[in-house]
Amino acid sequence: MTGKKKDRGTLIVLSGPSGVGKSTVIAELLNERPDIHFSVSYTTRGPRVGEQDGVSYNFVSREEFEGMIQRGELLEYAQYVGNYYGTSLKVIREQLEQGVDVLLEIEVQGAATVKRKCPDAVLIFVIPPTFEELSRRLHGRATDDETVIQGRLEQALREFKEIPLYDYLVINDSVPNATGEVLAILEAEGCRVKQRLPVLQNQMEGVSTL
Ligand code: 5GP
């Protein structure tokens, strides 16, 4: 297909409880759709082993983060377990304006802000096949003690209450299935009439010269 496919990229938000396997699904998704821009968030939490600055997150101090809030540089931000997390407005705006789809992996408060500010954003929530499975996965990680795991499960229940805000619910019973569902959602979103107007305009211009 020639010509510009769409005027604006789609803003995609993916959320889900800790341990549901969001990162694995996202890695698989980006493998299938390397054209999607994954937004690297800003956070005040320290890097975990293996996390690289500018890749996993942009790691900043509390002062730096609060400066970004004051200067209106963030599309959304939230406090989560004592740390700030936020999305830079500039990078996202540039990508969307160039027609590139942008993926945010953020928690529910941030997702609510995105929905309010960008009503066209596509919000996807990932759940495990059962709550027992989530508990099993969190215990299987063996990196956290029981209190931390219980805290994460309680947090997951609180997050589940926000699911009605989302447009789509994906069940991660297996990574290929969950990735397939996300790809199908994005494919359908790309077929919306408003997304395909540039294609239609190209065709109509051709008709007038026949
Ligand atoms: P973690 O510390 O485990 O990497 O992330 C904790 C939570 O913060 C996860 O639910 C993750 O989705 C969320 N998160 C990561 N980046 C952002 C962001 O830019 N904004 C918001 N609101 N949440 C974020």
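Computation of the quantities below employed the complete heavy-atom set of this structure, encompassing side-chain atoms and omitting hydrogens, waters and symmetry-equivalent molecules.
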For Y168, give me all partners under side-chain hydrogen bond (donor to acceptor under 3.5 Å, both in side chains), at least two apart in sequence or on another chain. E189
As a test of understanding, state which of I36, V122, L96 forms a side-chain contact (heavy atoms from CB on, under 4.5 Å) with D101. I36
Where the side chain of E181 meets the backbone of A178, is there a donor-acceptor pair that is under 3.5 Å apart? no
Please confirm whether the backbone N or O of Y84 pairs with a side-chain atom of T44, one donor and one acceptor, at under 3.5 Å? yes
Side-chain H-bond candidate by donor/acceptor type, Q150 with E146, under 3.5 Å: yes
Strictly by modelled atom types, are T10 and Q195 linked by a side-chain donor-acceptor pair under 3.5 Å? yes
Sorted by first residue and then second, give each side chain to side chain donor-acceptor pair (under 3.5 Å) pair with at least one member in residues 104-124; sequence neighbours left out. E107-Q109, K115-D167
State which residues pass side-chain contact (heavy atoms from CB on, under 4.5 Å) with V100; sequence neighbours excluded, sorted by chain then number. H37, Q95, Q98
After noting the C-alpha distance and the side-chain angles of F131 and F160, does the key distance pass the ring pair (Phe, Tyr, Trp, His ring centres under 6.0 Å) rule? CA-CA 11 Å; F131 208 75; F160 275 28; 5.8 Å; yes
Look at the side chain of N172 and the backbone N and O of V20, then say whether any donor-acceptor pair between them is shorter than 3.5 Å. yes
Does a side-chain N-to-carboxylate-O contact under 4.0 Å join R137 and E133? yes
Sorted by chain and residue number, the side-chain contact (heavy atoms from CB on, under 4.5 Å) partners of L89 (sequence neighbours excluded) come out as L75, R93
Other ILVMFWY residues reachable from V49 by side-chain steps of under 4.5 Å: none
With ILVMFWY side chains joined below 4.5 Å, transitively, what does V91's cluster contain besides itself? none
Would you check if the side chain of S15 reaches a backbone N or O of I106 as a donor-acceptor pair within less than 3.5 Å? yes
